Protein chains: 2
Amino acid sequence: MDLSIGDVSRRVAVKVPTIRYYEQIGLLPAPPRTEGRQRRYGAEHVSRLSFIRHARDLGFDVEAIREFLSLSTQPDQSCHPADEIVLRHLESVERRIAQLNLLRSELRHMLEECRHGPVRECQIIQVLGDHGQCRHEHGKVV
Amino acid sequence: MDLSIGDVSRRVAVKVPTIRYYEQIGLLPAPPRTEGRQRRYGAEHVSRLSFIRHARDLGFDVEAIREFLSLSTQPDQSCHPADEIVLRHLESVERRIAQLNLLRSELRHMLEECRHGPVRECQIIQVLGDHGQCRHEHGKVV
DNA sequence: CTACAATCTCTAGCGACTAGAGGTTCAAGA
DNA sequence: TCTTGAACCTCTAGTCGCTAGAGATTGTAG
């Protein structure tokens, strides 16, 4: 196992600049280099990077991943902190789903109301200009 | 009607720096100024800003809002372009909801599996290290 | 040995703001 | 009228997690 950054990129499906970025922010340890200063990775790096990628795919932010990685080096500690992070993340996902469901129904309503005529009569533009016409209170979504 | 930026901010519930930012990117026209170069807004500005705020709350990006605003000045045009934007946005919201639902069930599963023991036995950390243990394929969510 | 793909470092950009520094203006109370 | 201090001004930089590009160097297959 002595992989170039491109090899690792293909294996783990993480782009080359992203791998360098993870090194830069200290998520992935700096690997050894060739004489010509090119990075060469081993199995440890690959598995750590897939851990990172998986956690990112699950929507955890870099700070959370740092915490997970640090925990995983202390097998005797309680896993409670990891638990906590997952729970908080789940809660925020659920809040987001709730918001997006409201938003979806609002957007559907706008489309149903649209008469497909000239802008003058367009409910979409009207609703945007007058929040009172919305059926829900909706806070910021994005 | 001759409102300071702070007055407008309170009325429309958009922060002061955000109002200036909207002016800078050309979403909100530059208002007249006092002798001392402070901004003074009229009713037009207030209603345009609430339009913008409402659209942002509904998750439209600045480009979409630009399009809406430009349409709203052409009342005889067909509202089809607005329709299209809303539809595309709705579709992306629905895709996101679907992803987040998958994600939610994955996170719940992780929490259920957690034995609340030491990290060594922690399913959370294990699952992150081995995507094969996931029940769904989940792509990037964030 | 040559060609050229892959790598290197460095800086800047994305979107939609937000924060802060350091200076000026407005308006209310004395 | 003067003073105080909150609100305003401009400008730059930071947020997050990358992504893009320039310009130089290295590795490797033929």
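Every chain is numbered from 1, with letters handed out A, B, ... down the list of sequences. Everything quoted here is computed from the prediction, not taken from an experiment. These numbers come from the heavy atoms of this one structure, side chains and all, not from hydrogens, waters or symmetry mates.
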Hey, does [Y] have a side-chain heavy atom less than 4.5 Å from the side chain of [X]?
| X | Y | value |
| --- | --- | --- |
| A:E44 | A:P29 | no |
| B:V8 | B:H45 | no |
| B:F68 | B:I52 | no |

Would you be so kind as to tabulate the donor-acceptor pairs closer than 3.5 Å made by side chains of residues 113-120 of chain B, with sequence neighbours excluded?
unit_1: B:R115; atom_1: NH1; unit_2: B:E113; atom_2: O; d: 2.7
unit_1: B:H116; atom_1: ND1; unit_2: A:D83; atom_2: OD2; d: 3.3
unit_1: B:H116; atom_1: NE2; unit_2: B:C114; atom_2: O; d: 3.4
unit_1: B:R120; atom_1: NH2; unit_2: A:D76; atom_2: OD1; d: 2.1

Discussion item. Closer than 4.0 angstrom, basic N to acidic O: yes or no for A:R53 and A:D57?
Written reply: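 A salt bridge is present here (some side-chain N lies under 4.0 Å from a carboxylate O).
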
Report the distance from atom [atom1] of [X] to atom [atom2] of [N], rounded to the nearest whole Å.
| X | N | atom1 | atom2 | answer |
| --- | --- | --- | --- | --- |
| A:I25 | D:dG14 | CD1 | C1' | 16 Å |
| B:L27 | C:dG15 | CG | P | 13 Å |
| B:I52 | C:dA16 | CD1 | P | 13 Å |
| A:Q24 | C:dC8 | CD | C1' | 14 Å |

Practice prompt. Would you mind telling me which residue lines up with the more 5' stretch of DNA chain D, A:E35 or B:G36, judged by nearest nucleotide?
Written response: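 Its nucleotide being nearer the 5' end, the pick is B:G36.
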
Worksheet item: Hey, which of these two, A:D61 or B:R33, hits DNA chain D nearer its 5' end, going by closest nucleotide?
Response: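 Residue closer to the 5' terminus by nearest nucleotide: B:R33.
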
Which heavy-atom pair separates [X] from [Y] by the least distance, and what is that distance?
| X | Y | value |
| --- | --- | --- |
| A:H54 | B:L128 | ND1-O, 3.2 Å |
| B:L28 | B:Y41 | CD2-CE2, 4.4 Å |
| A:V16 | A:G6 | CG2-CA, 4.1 Å |

Distances under 3.5 Å only, N/O to N/O: pair up the protein atoms with those of nucleotides 19-23 of chain D.
unit_1: D:dT19; atom_1: OP2; unit_2: A:T18; atom_2: OG1; d: 3.0

Worksheet entry | Minimum-distance nucleotide to B:T34 side chain [options: D:dT10, C:dC26, D:dT26] |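 It is C:dC26.
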
Please write out the pairs of protein N or O atoms and N or O atoms of nucleotides 4-8 of chain D separated by less than 3.5 Å, giving the distance to one decimal.
unit_1: D:dC8; atom_1: OP1; unit_2: B:S4; atom_2: OG; d: 2.8
unit_1: D:dC8; atom_1: OP1; unit_2: B:G6; atom_2: N; d: 2.7

Worksheet item: B:L107, B:L102: one ILVMFWY side-chain cluster at the under-4.5 Å cut-off?
Response: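 Looking at the clustering, B:L102 is in a separate group from B:L107.
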
Practice prompt. Report yes if at least one side-chain N or O of B:Y22 is closer than 4.0 Å to OP1 or OP2 of C:dC17; otherwise report no.
Written response: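 Looking at the OP1 and OP2 atoms of C:dC17, one of them is under 4.0 Å from a side-chain N or O of B:Y22.
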
